[in-house]
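Read through the structure below, which is laid out as structure tokens, and then see the notes.
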Amino acid sequence: MAKTIMVLGGDGFCGWPTSLHLSDSGNDVVIVDNLSRRKIDVELEAESLTPIASIHSRIATWKDLTGKDISFENVDLANEYDRICDLLLRYKPDAIVHFAEQRAAPYSMKSADHKRYTVDNNVRATHNLLAALVDTETDSHLVHLGTMGVYGYGWAGKSVIPEGYLSVGLETNDGMEMKEILHPADPGSVYHMTKTLDQLMFAFYAKNDKIRVTDLHQGIVWGTQTPQTQLDERLINRFDYDGDYGTVLNRFLMQAAIGYPLTVHGTGGQTRAFIHIRDTVRCVELAIDNPPESGAKPMIMNQVTESHRVRDLASLISKLTGVEIQYLDNPRVEALENTLVVANDKFLALGLNPTTLSQGLMEEVRDIAGKYANRIDSSKIKSVSLWRRHLHDK
Ligand code: NAD
Ligand code: USQ
């Protein structure tokens with residue numbers, strides 16, 4: 001059945017293709033975004049590799065091609081509480097998908113101002129939304145995009161990262177008692193820390209106010225296009241490649257396209273979880289269609305399809321394209337090596353059929369990175385945001 005769905009952060013890399021996918025499925029979509037990500041492009045003097053159209057041109061193109069309307073509201077969720085309440089009362093959304101946060105770990109570590117902005121923006125946006133849902137008595141299902149990074153990346157061994165909750169044995173006066181707790185948080189950047197704070201807010205509002213929350217612990221998203229964004233160049237999705245916002249696999253694909261030696265940090269021993277953007281949009285729809293009960297604790301699902309070690313990804317792309325690999329001093333503070341075995345049973349049970357790395361890599365190098373290679377400013381490639389001042393001083 002068609003729903004009214006508010007997509008917060010619907011102008012961004014994950015939000016735009018999700019908005020189109022949900023609109024294509026017959027839902028009434030309302031994008032809420034303050035366009036802060038476009039302003040950060042100006043601050044960093046770095047642009048999306050792909051030429052993205054303005055939000056109004058994107059929406060008008062979608063209407064021309066499909067006849068479907070998408071509404072747009074320019075609202076700052078961190079600072080415009082009354083306007084959030086007004087939106088909820090006006091649209092009465094069945095579901096709200098919350099992508100609207102500052103999402104780059106390197107950007108969040110650039111300076112004290114960037115740390116403070118990331119915390120202020122992300123924590124206030126999420127809390128304003130929760131308070132407004134209660135204040136306006138809106139019974140929407142809130143689907144939030146969280147991160148695998150809440151679990152941390154210091155794991156070794158073969159233990160499986162569960163979907164959000166951990167069963168632990170507590171010693172009591174009457175013997176051992178089993179309890180299910182939120183998995184301990186171990187953020188690796190100020191950005192990731194804001195996502196661990198989001199989790200606590202969801203737990204509280206689900207318990208106290210019976211807000212229905214699904215928190216999707218997503219891995220690194222790769223790829224660019226979905227069937228809808230491919231329809232017209234004015235619908236093309238954003239592709240970040242710069243040292244702050246570009247994520248590792250998309251950066252390697254862009255670097256391969258221009259023969260720039262792949263920028264592996266440290267030994268490349270970090271293992272991370274990945275998901276293609278086409279699967280992100282499907283997972284969000286599956287999550288919307290399967291809300292938790294009112295009064296239940298937040299439903300947490302790991303939104304990942306495969307895990308890879310960074311240096312193995314670099315070798316794979318190097319073999320496919322002939323590009324060299326460079327090993328750089330790691331600008332981040334992270335474990336030299338980690339292992340990552342992640343449960344993703346819930347999405348597989350709901351019918352997700354994952355796009356694997358082997359299916360899409362060369363298509364990306366050719367059709368996106370290769371096609372727009374002339375837009376790359378190679379001075380923006382290196383990641384220069386250090387996790388700690390004087391990190392590499394001897
Ligand atoms: P993005 O920066 O491309 O999009 C975020 C959007 O939210 C932007 O359009 C921005 O303008 C908007 N926004 C930010 N703060 C806002 C505010 N206060 N009010 C209104 N709008 C605001 O990021 P993305 O890559 O699309 O990521 C979306 C979400 O998914 C983030 O929360 C991120 O943490 C999560 N996520 C992303 C990835 C990834 O690899 N890209 C992986 C895991 C999780
Ligand atoms: N890395 C390199 N070379 C590069 C870029 C990155 O070796 O050129 C390494 C980093 O040091 C790190 C790993 O690759 O060990 C991943 O870095 P990333 O920038 O691709 O991913 P991350 O900082 O974790 O953040 C991204 C998104 C974030 C999301 C997260 C999901 O920006 O929004 O939450 O992926 S996850 O990693 O699963 O926590």
Side-chain angles (χ1 to χ4, degrees), residues 7-18 31-41 48 55 73-80 84 97-109 117-118 120-122 124-126 128-129 144-153 187-189 191-192 194-195 198 216-222 237-238 240-241 243-252 254-255 262-275 277 280 284 302-304 307 309-311 313-314 326-328 330-335 338 340 342 381-383 387:
V7 183
L8 314 181
D11 186 45
F13 168 61
C14 298
W16 174 241
T18 301
I31 289 178
V32 181
D33 201 301
N34 66 349
L35 308 181
S36 52
R37 181 65 193 87
R38 291 179 186 255
K39 290 169 200 149
I40 292 174
D41 274 347
S48 163
I55 185 68
E73 301 283 350
N74 187 333
V75 173
D76 180 348
L77 295 156
N79 291 302
E80 296 184 292
I84 303 172
V97 190
H98 177 20
F99 292 105
E101 295 181 81
Q102 190 303 98
R103 71 101 177 126
Y107 184 84
S108 78
M109 301 299 288
Y117 165 72
T118 302
D120 289 350
N121 187 63
N122 295 4
R124 288 170 64 177
T126 300
N128 280 346
L129 177 63
H144 171 252
L145 273 289
T147 175
M148 282 297 297
V150 296
Y151 303 115
Y153 288 109
S189 73
Y191 152 71
H192 287 97
T194 65
K195 294 286 181 174
D198 283 347
L216 303 174
H217 288 183
Q218 185 169 240
I220 301 173
V221 183
W222 68 283
N237 199 15
R238 141 186 294 285
D240 295 310
Y241 70 89
D244 285 315
Y245 272 87
T247 51
V248 65
L249 182 49
N250 276 4
R251 274 166 64 73
F252 286 175
M254 167 278 298
Q255 292 163 2
L262 305 178
T263 54
V264 172
H265 294 165
T267 58
Q270 278 280 307
T271 305
R272 295 292 172 116
F274 292 86
I275 182 166
I277 186 71
T280 290
V284 170
N302 291 339
Q303 190 161 303
V304 307
S307 296
R309 184 156 275 141
V310 169
R311 64 169 172 267
L313 278 180
Q326 55 177 327
Y327 290 89
L328 301 168
N330 195 342
R332 308 186 184 200
V333 175
E334 51 190 7
N338 72 319
L340 193 67
V342 187
I381 294 180
K382 216 169 152 214
S383 205
W387 256 229

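Order of appearance sets the numbers: ligands from 1, and atoms from 1 within every ligand.
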Short N/O distance, under 3.5 Å, between [X] and ligand 1?
X: Asn121; answer: yes
X: Leu77; answer: yes
X: Thr247; answer: no
X: Phe13; answer: yes
X: Ser36; answer: yes
X: Val221; answer: yes
X: Thr147; answer: no
X: Asn34; answer: yes
X: Lys195; answer: yes
X: Asp33; answer: yes

- request: Considering only NZ, NE, NH1 and NH2 on the basic side and carboxylate oxygens on the acidic side, decide whether Arg124 and Glu101 come within less than 4.0 Å.
  value: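 No.
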Nearest neighbour in protein (non-hydrogen) for [atom]:
atom: atom 28 (C) of ligand 1; result: Phe99 O, 3.5 Å
atom: atom 3 (N) of ligand 2; result: Thr263 O, 2.6 Å
atom: atom 26 (C) of ligand 2; result: Thr247 CG2, 3.8 Å
atom: atom 37 (C) of ligand 1; result: Gln218 NE2, 3.7 Å
atom: atom 2 (O) of ligand 1; result: Arg37 CD, 3.2 Å
atom: atom 30 (O) of ligand 1; result: Leu145 CB, 3.5 Å
atom: atom 1 (N) of ligand 2; result: His265 ND1, 3.3 Å
atom: atom 26 (O) of ligand 1; result: Cys14 N, 2.7 Å
atom: atom 4 (O) of ligand 1; result: Gly12 CA, 3.4 Å
atom: atom 38 (O) of ligand 2; result: Tyr153 OH, 2.5 Å
atom: atom 42 (C) of ligand 1; result: Gly219 O, 3.0 Å

What part of [X], side chain, backbone, both or neither, has a heavy atom within less than 4.0 angstrom of ligand 2?
X: Arg103; value: both
X: Arg272; value: side chain
X: Tyr191; value: side chain

task: Could you walk me through whether Tyr107 and Tyr191 pass the ring pair (Phe, Tyr, Trp, His ring centres under 6.0 Å) test, one step at a time?
output: CA-CA 8 Å; Tyr107 184 84; Tyr191 152 71; over 10 Å; no
Please report whether ligand 2 has a polar contact with [X], defined as an N or O pair separated by less than 3.5 Å (distance criterion only).
X: Gly149; answer: yes
X: Val248; answer: yes
X: Thr147; answer: yes

Is the closest heavy-atom distance from [X] to ligand 1 below 4.0 Å?
X: Val75; value: yes
X: Tyr191; value: yes
X: Gly10; value: no
X: Ala104; value: no

- request: Compare Arg272, Arg124, Arg103, Lys39 and give the one whose heavy atom is closest to atom 25 (O) of ligand 1.
  value: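 Looking at heavy atoms only, Arg103 sits closest to atom 25 (O) of ligand 1.
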query: Nearest 0.5 Å, what's the OG1-OH distance between Thr267 and Tyr327?
result: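 The OG1 atom of Thr267 sits 8.5 Å away from the OH atom of Tyr327.
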